[in-house]
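This report refers to the structure that appears directly beneath it.
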Amino acid sequence: MTILDGRKTSNDIKNEIKAEVDKMKANGEKVPHLAAVIVGNDGASLTYVGSKVRACERVGFQSTMVRLSNTTSEIELLDKIEELNKNDDIDGFIIQLPLPRQINTQKVLMAVDPNKDVDGFHPTNFGKMALDMSTFIPATPFGILELLERYNVETDGKHTVIIGRSHIVGRPMSILMGRKGFPGNSTVTLTHSHTKNITQITSQADIIISALGIPNFLKAEMVKDDVVIIDVGITRVPDDSEKGYHITGDVDFENVSKKASYITPVPGGVGPMTIAMLLKNTLLAREQHRKLRG
């Protein structure tokens with residue numbers, strides 16, 4: 001059994017990006033600039049954005065955090081997005097989710113310039129991805145592809161089962177794993193809360209990508225020997241420790257890992273890859289803007 005080590009792989013990617021940025025600096029070029037918009041004081045969101053800002057510092061990107069109050073109106077947020085769309089200094093930006101109740105998330109994501117949408121959530125970018133065109137792939141699916149590629153996990157002709165159909169992970173992964181090329185060329189089954197006999201399906205899978213958010217959902221009796229497991233789930237489970245919780249994935253790691261050929265741990269698997277690939281998308285955005293505007 002091989003651990004798909006997201007921490008090590010994400011560090012490798014960050015080092016590669018830093019080398020690119022160092023070359024840009026040496027040539028007197030503008031370095032990539034990533035902005036993050038956060039509305040309100042959600043603790044988890046602040047932590048995520050903080051780690052993104054630190055990752056930017058590490059690779060030599062410029063970063064801007066735009067903090068707006070919990071009472072920000074939809075119009076005010078849309079005005080701020082328009083400002084970022086027009087700001088030539090900013091190559092890419094993200095809107096940290098979830099947003100407060102008074103704001104329509106779909107409307108906000110639609111307002112982001114697709115050329116700066118480094119999260120890959122805009123319908124234009126999602127459509128390009130579905131058509132196999134070059135575009136920004138959502139960071140978590142992009143990270144999963146990168147792990148499979150760097151560990152040379154065979155996907156050609158394999159049966160990939162995806163658990164969960166979110167627009168952020170499940171749906172894009174179902175498209176990406178079925179596309180031509182590597183990683184891809186697999187036969188994909190997309191399962192969700194309405195799927196009947198899920199064990200019957202997962203027990204036939206060569207690769208399982210679980211993004212359900214139910215701790216320890218996938219048990220050893222639900223998988224076959226030598227299965228490849230990608231666990232996207234991250235749930236805080238309360239306990240008696242000093243922190244008061246521990247992080248658990250969708251997969252019963254202790255027992256499933258005994259049958260798996262490859263498996264991602266939680267934490268330390270898919271999570272660190274997400275930020276690394278957001279940086280990679282920002283680097284890609286800078287390259288595109290350089291070609292367009294210099």
Side-chain angles (χ1 to χ4, degrees), residues 2-6 8-17 19-20 92 114-115 117-192 201-202 204-211 224 226-232 260-264 269-288 291:
T2 302
I3 294 277
L4 297 171
D5 188 339
K8 183 198 174 297
T9 309
S10 69
N11 276 329
D12 292 345
I13 293 164
K14 285 174 190 168
N15 289 337
E16 290 159 16
I17 293 171
E20 288 286 318
N115 295 314
D117 168 42
V118 287
D119 257 337
F121 292 162
H122 194 282
T124 298
N125 291 325
F126 201 97
K128 283 183 173 179
M129 178 194 69
L131 293 168
D132 257 353
M133 295 165 71
S134 175
T135 190
F136 300 119
I137 296 172
T140 301
F142 197 5
I144 294 168
L145 293 181
E146 197 77 11
L147 272 179
L148 292 171
E149 188 174 336
R150 290 187 183 228
Y151 278 87
N152 211 20
V153 177
E154 186 59 63
T155 61
D156 199 299
K158 302 294 183 185
H159 182 197
T160 297
V161 171
I162 313 238
I163 307 174
R165 55 179 166 183
S166 76
H167 294 160
I168 295 171
V169 182
R171 195 78 58 86
M173 279 318 303
S174 69
I175 295 165
L176 294 163
M177 291 302 287
R179 68 182 182 168
K180 287 181 180 176
F182 173 69
N185 278 333
S186 68
T187 302
V188 180
T189 303
L190 179 62
T191 69
H192 44 77
I201 298 166
T202 56
Q204 295 170 8
D206 302 304
I207 301 167
I208 298 174
I209 300 168
S210 186
K224 67 179 186 180
D226 292 328
V227 67
V228 175
I229 300 283
I230 307 288
D231 189 351
V232 188
S261 55
Y262 294 89
I263 191 167
T264 59
V270 174
M273 294 298 295
T274 300
I275 289 180
M277 303 322 282
L278 178 68
L279 297 175
K280 201 156 183 174
N281 274 344
T282 306
L283 184 64
L284 180 68
R286 170 87 285 276
E287 284 300 302
Q288 287 176 357
K291 283 173 190 163

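As the structure is a prediction and not an experimental result, all values here were calculated from the model. Atom set for the values below is all heavy atoms of this structure, side chains included, hydrogens, waters and symmetry mates excluded.
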Can you check whether Arg171's main-chain N or O pairs, donor with acceptor, with Ser174's side chain at less than 3.5 Å?
yes

Donor-acceptor contact below 3.5 Å, side chain Thr191 vs main chain Ile162:
yes

With a 4.5 Å heavy-atom cut-off, do Asp206 and Val228 have their side chains touching? no

NZ of Lys158 to OG1 of Thr155, rounded to nearest 0.5 Å, is 9.0 Å

| query | Do Ile209 and Val161 have side-chain heavy atoms sitting under 4.5 Å apart? | reply | no

Within the 4.5 Å heavy-atom criterion, are Ile137 and Met277 side-chain neighbours or not? no

Worksheet item: Is the backbone of Gly157 close enough, under 3.5 Å, to the side chain of Asn185 for a donor and an acceptor to pair up by distance?
Response: no

Under 3.5 Å, is there a donor-acceptor pair between the Thr135 and Asn125 side chains?
-> yes

For Asn281 and Phe136, the nearest pair of non-hydrogen atoms, with its separation, is O-CE2, 3.3 Å

Exercise. May I have the step-by-step check of side-chain contact (heavy atoms from CB on, under 4.5 Å) for Phe142 and Leu176, ending in yes or no?
Key: CA-CA 9 Å; Phe142 197 5; Leu176 294 163; over 6 Å; no

Between Val118 and Leu278, is there a side-chain heavy-atom distance shorter than 4.5 Å? yes

Query raised in the report: Run the side-chain contact (heavy atoms from CB on, under 4.5 Å) check on Arg150 and Asp12 step by step: do they pass?
Result: CA-CA 10 Å; Arg150 290 187 183 228; Asp12 292 345; 4.1 Å; yes

Look at the side chain of Tyr262 and the backbone N and O of Ile207, then say whether any donor-acceptor pair between them is shorter than 3.5 Å.
no

Rounding to 0.5 Å, atoms CE (Met129) and OG (Ser134) come to a distance of 13.0 Å

When rounded to the nearest 0.5 Å, the distance separating CD1 of Ile168 from CE of Met173 is 14.0 Å

With the side chain counted from C-beta on, respond yes when Asn152 and Phe182 share a heavy-atom pair under 4.5 Å apart, and no when they do not. yes

Any side-chain heavy-atom pair from Val169 and Val270 closer than 4.5 angstrom? no

**OP:** Answer yes or no: does atom NZ of Lys224 have more than 12 heavy-atom neighbours from other residues, nucleotides or ligands under 6.0 Å?
**Re:** yes

| said: Under a 3.5 Å cutoff, is there a donor and acceptor pairing between the side chains of Thr140 and Thr274? | reply: yes

With a 3.5 Å distance limit and no angle check, can you tell me whether Asn115 reaches the backbone of Ala285 through a side-chain donor-acceptor pair? no

message = Any non-hydrogen side-chain atom of Ile17 less than 4.5 Å from a side-chain atom of Lys280?
response = yes

| task | Keeping the roles fixed (side chain from Thr264, backbone from Leu4), state whether a donor-acceptor pair exists under 3.5 Å. | result | no

